[in-house]
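These notes are about the structure you will find just below.
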Amino acid sequence: MKAGARLLVPFGTRKLTGVVLRVHDDPVDVPIKDALRLIDPEPVLDDELIALGKWISGYYCAPLGEVLRSMLPLVSDIRSGKVYSLTDAGRDASRQLSIEPQAEDTVNQVIQMLAARSLSAAYIKKKIPLADRILKSLERKGWIAVEEVSRDRDPLRAPSAKLRIALTGAEPQGKMPKAERELLAYLALHPGSHNVGDLEALVYNASQAARSLARKQAVTLTTEPIAIRSAPIRAPHELNTSQRNAFDLIGAAIATQKFCTFLLHGVTGSGKTEVYLNAIDAALASGRGTLMLVPEIALTPAVAGQFYARFGDRVAILHSAFSDAERADQWRRIRAGGASVVVGTRSGAFAPVRNLGLIVVDEEHDSSYKQEETPRYHGRDVAIVRAQAANACVVLGSATPSLESRFNAASGKYTLLEIPERIADRPMPTVQVIDMRQEFLETRKHAIFSRALIGAIRERIENNEQAMILLNRRGFSTFVACRACGERIQCMNCAVTLTYHRRDRRLLCHYCGYAEKIPSVCPKCESEHIHFMGSGSERVEDELHGEFPEAKIARLDRDTVAGKRQFEDILQNFRERNFDILVGTQMIAKGHDIPNVTLVGVVSADVGIGMPDFRAAERTFQILTQVAGRAGRGDLPGMVYMQTINPDHYAIRFAAQQDYAGFFEKELQFRRFMKYPPFAAMANVLIRAAKQEDALRMSTELGHHITPAPENMRIMGPAEAPVPRLKAEYRYQLLIKSGSRKDLNALLRKAQEFARAQRWSATALVIDVDPLTLL
Ligand code: ADP
Ligand code: ZN
Ligand code: ZN
């Protein structure tokens with residue numbers, strides 16, 4: 001047995017998966033139990049990764065077990081292995097409850113479900129989103145028993161068949177078992193093809209239902225793995241002078257085999273990718289492995305294809321659109337040394353690359369690098385720590401670097417490499433800011449589009465050029481309000497308004513997924529004067545159809561894209577000019593290189609600016625600069641229209657001028673004055689409870705416990721979180737700014753110990769170190 005291998009161990013009445021940390025025979029003073037069995041003959045985590053896990057656990061104040069779990073390629077492999085069944089006591093209780101069934105009572109619902117048969121945790125949670133707490137309390141009462149399912153299908157060891165399922169469109173006749181109906185409903189709601197193994201967790205008995213439906217010809221089953229759309233194969237570009245200058249320094253650093261970090265700050269369209277590819281070449285040539293991290297949304301098959309075209313079968317892609325089994329295949333290949341160019345998203349930072357020599361983090365400012373659940377690590381920062389231990393070189397790239405990274409470059413911690421101009425002397429796009437207050441004064445109409453933007457779109461359509469239109473807000477109307485009493489319709493579980501989605505004919509909560517029908521009268525005063533206010537991307541598409549009936553329009557947001565493949569389909573179709581206009585949320589802003597786009601319209605540059613979050617300006621600047629950067633990347637110059645009612649806001653002004661340096665300086669002043677990062681280390685401590693008075697009391701007690709803080713620290717709060725209620729829990733927060741990371745860490749530990757001593761539930765205290773958002 002070796003450190004880093006997984007073990008099945010007894011834990012109360014359950015069997016859990018553990019990871020061996022150390023093999024020793026030192027005397028210990030705790031009771032010892034025998035492990036049930038060794039899962040991996042060879043370790044799944046090497047010493048380097050275990051050390052990285054310990055660092056993450058310490059820095060982010062996250063339990064080591066949770067950290068190791070997210071480092072393994074298959075979260076579900078360990079997490080969803082639970083099956084619940086009713087105990088005898090539970091059965092008695094269920095009989096009593098069924099005498100007086102209350103359909104609304106979710107506890108009862110869970111029990112009735114389990115009375116019929118044992119069910120997986122994932123299945124129950126899909127039916128009842130808030131089941132977690134209920135299951136826990138039932139377990140405590142002794143009404144249900146938990147069992148770890150057999151590990152025979154552990155994809156890390158034996159890959160299951162790569163079966164993919166898709167609807168044929170034929171309606172099967174006759175009565176169908178429930179599992180088949182559910183599977184059909186799921187497929188109808190999530191178009192495209194799916195891995196059957198993945199559906200197992202969502203639809204009870206999915207495999208069996210799939211086979212039966214295939215016999216009825218309602219679905220097709222194929223064994224093909226996901227197709228990587230091959231990019232047009234092209235020879236590497238000859239680097240221009242700026243690219244070469246940047247690459248020369250990186251190449252030299254790789255040759256020294258010493259740790260160092262570069263920040264490659266190149267404007268949009270400056271050809272950063274070509275620099276990365278050359279750096280990877282250089283690392284491979286010196287016999288070392290490479291890792292490239294890209295934002296969640298950017299890892300499209302087209303990007304993957306580009307890597308295959310250049311590096312052939314040395315490439316491994318860790319793509320979330322792959323099934324668990326497919327990902328496990330890639331992971332095993334990497335560990336065995338069969339792939340030396342690994343491309344992945346955030347968790348790719350843990351890929352078992354051999355002899356690591358280079359890590360590239362593309363679009364390093366992107367918020368998808370931060371995990372928004374425990375462990376709340378930042379993939380970029382973890383990559384840097386990992387590279388340091390491996391004596392590897394790091395290249396962070398962006399056109400809009402995060403304040404932190406640019407600050408580190410200014411202070412000499414990172415080496416700054418700049419590419420200030422676009423490839424082939426292409427001009428930066430021309431940006432025109434349109435003051436929508438002025439537009440209203442002149443037209444007396446509350447229109448979504450200014451006359452200038454409409455004119456510009458018309459011109460593009462006539463010239464056979466393409467346009468992208470951004471509104472970073474999905475749905476049709478952003479909220480629904482009653483004109484009579486002022487009531488805004490809110491989510492049942494969260495303190496946020498529901499968004500109207502016209503295609504689904506529903507009001508949806510964007511935080512918890514709760515949905516309800518559109519009321520015909522106000523739920524509070526029963527008035528019929530219900531109004532739909534504000535607009536989202538769905539509405540933008542709709543209005544464009546009205547304005548340009550002849551144009552072909554596509555929309556890219558989380559409502560039109562259920563899986564990675566649809567995302568890629570829409571983009572590919574747009575690239576092939578099957579659409580004239582692409583409407584979307586921030587999804588359209590990131591990285592895409594589509595030469596025929598000569599116009600970018602921003603419907604409202606103001607979205608996000610008023611958020612109670614110290615990064616609101618930075619995020620606004622980034623998204624506006626990035627989306628503007630989509631225009632004019634080919635031979636034709638680009639034009640950008642930014643509509644706003646805050647034309648003087650510095651984030652909008654500097655984005656319009658594409659002036660990163662100006663923005664950086666101004667924002668840095670604000671951060672320095674307010675002692676926000678990068679001038680202080682920061683943590684957000686969130687306290688959650690089902691009852692408001694509990695959340696308030698707990699946060700007050702915790703606040704008392706950790707104050708007074710040392711001199712160099714400031715504790716703000718406790719105060720209601722900006723979203724005071726979320727997923728049926730009340731939330732209070734303490735914000736901590738500290739001049740010293742060490743002191744901050746010590747204070748957070750003190751908070752954790754307090755929660756433990758007070759026997760708070762495990763989910764009541766959330767610690768977010770280096771938070772990206774305070775919402
Ligand atoms: P960035 O990521 O910096 O916005 P990309 O890496 O997407 O820019 O490059 C923009 C475009 O320029 C791409 O189409 C790329 O193929 C092209 N390109 C990159 N380097 C060169 C070069 N040296 N000569 C010609 N074209 C190049
Ligand atoms: Zn009302
Ligand atoms: Zn909600």
Side-chain angles (χ1 to χ4, degrees), residues 11-14 16 76 79-149 178-179 181-182 185-186 201-205 373-374 490-496 498 508-509 511-517 523 686-698 723-731 755 758-766:
F11 193 86
T13 58
R14 311 194 215 168
L16 296 179
S76 58
R79 192 177 283 173
S80 70
K82 281 190 210 162
V83 167
Y84 289 92
S85 49
L86 276 194
T87 58
D88 287 344
R91 230 161 261 292
D92 289 344
S94 89
R95 275 186 217 108
Q96 301 223 323
L97 286 171
S98 62
I99 297 169
E100 33 182 343
Q102 304 145 284
E104 296 299 314
D105 183 356
T106 41
V107 177
N108 196 7
Q109 228 175 311
V110 172
I111 293 178
Q112 300 306 340
M113 276 166 75
L114 288 171
R117 55 168 182 248
S118 303
L119 294 169
S120 76
Y123 180 81
I124 301 171
K125 272 180 235 165
K126 190 201 142 219
K127 295 271 163 193
I128 301 171
L130 299 171
D132 245 345
R133 246 200 342 253
I134 297 169
L135 289 170
K136 237 173 262 160
S137 83
L138 291 176
E139 202 187 330
R140 244 179 279 125
K141 281 187 185 153
W143 288 8
I144 59 175
V146 195
E147 206 187 331
E148 192 85 1
V149 284
K178 187 151 166 271
R181 273 182 283 138
E182 281 185 4
Y186 182 87
L202 301 170
V203 179
Y204 183 73
N205 241 341
E373 59 184 70
T374 310
Q490 289 215 336
C491 174
M492 185 171 107
N493 306 315
C494 314
V496 296
L498 295 174
L508 254 191
C509 173
Y511 288 81
C512 76
Y514 169 82
E516 67 179 42
K517 283 197 299 225
L686 195 68
I687 294 94
R688 307 186 290 192
K691 290 200 190 112
Q692 184 165 23
E693 62 263 31
D694 289 344
L696 178 58
R697 176 182 47 77
M698 288 154 71
V723 180
R725 187 160 177 262
L726 189 68
K727 298 184 184 169
E729 281 178 320
Y730 289 89
R731 303 143 45 110
Q758 300 287 313
R759 300 185 175 276
W760 288 7
S761 88
T763 54
L765 179 69
V766 179

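Each residue takes its place number in the sequence, starting with 1.
Taking CD1 of I111 as the start and CG of L138 as the end, the distance is 5.0 Å to the nearest 0.5 Å. Separating the CG atom in L765 from the CE atom in M698 is a distance of 8.0 Å, to the nearest 0.5 Å. Taken to the nearest 0.5 Å, the CG atom of L119 stands 5.0 Å off from the CE atom of M113. We find the CG-CH2 distance between D694 and W760 to be 10.5 Å, quoted to the nearest 0.5 Å. Here L726 contributes atom CG and L686 contributes atom CG; the two are 9.0 Å apart, rounded to the nearest 0.5 Å.
Partners of T763 under the side chain to side chain donor-acceptor pair (under 3.5 Å) rule, at least two apart in sequence or in another chain, are S761.
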Go through it in stages, so that I can follow the logic: the residues are R133 and E729, the test is side-chain contact (heavy atoms from CB on, under 4.5 Å), and I'd like the CA-CA distance, side-chain angles, deciding distance and then a yes or no.
CA-CA 11 Å; R133 246 200 342 253; E729 281 178 320; 3.8 Å; yes
Decide salt bridge (charged side-chain N to carboxylate O under 4.0 Å, His left out) for E182 and K178; before the verdict, give the C-alpha distance in whole Å, the side-chain angles of both, and the deciding distance to 0.1 Å.
CA-CA 6 Å; E182 281 185 4; K178 187 151 166 271; 3.4 Å; yes
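The minimum heavy-atom distance linking I687 with A695 is given by the pair CG2-O, 4.0 Å. Annotation for C494 and K727: closest pair SG-N, 3.3 Å, computed over non-hydrogen atoms. Nearest approach of R91 to L86, heavy atoms of both residues: NH2-CB, 3.8 Å. The shortest heavy-atom contact between Y84 and L114 is O-CD2, 3.4 Å. Between T87 and G142 the shortest heavy-atom distance is OG1-O, 2.7 Å. Closest heavy-atom contact between C509 and V496: SG-CG2, 3.9 Å.
With contacts defined as side-chain heavy-atom distances shorter than 4.5 Å, the pair L498/Y514 qualifies.
Not one N or O on the side chain of R14 forms a donor-acceptor pair closer than 3.5 Å with the backbone of A145.
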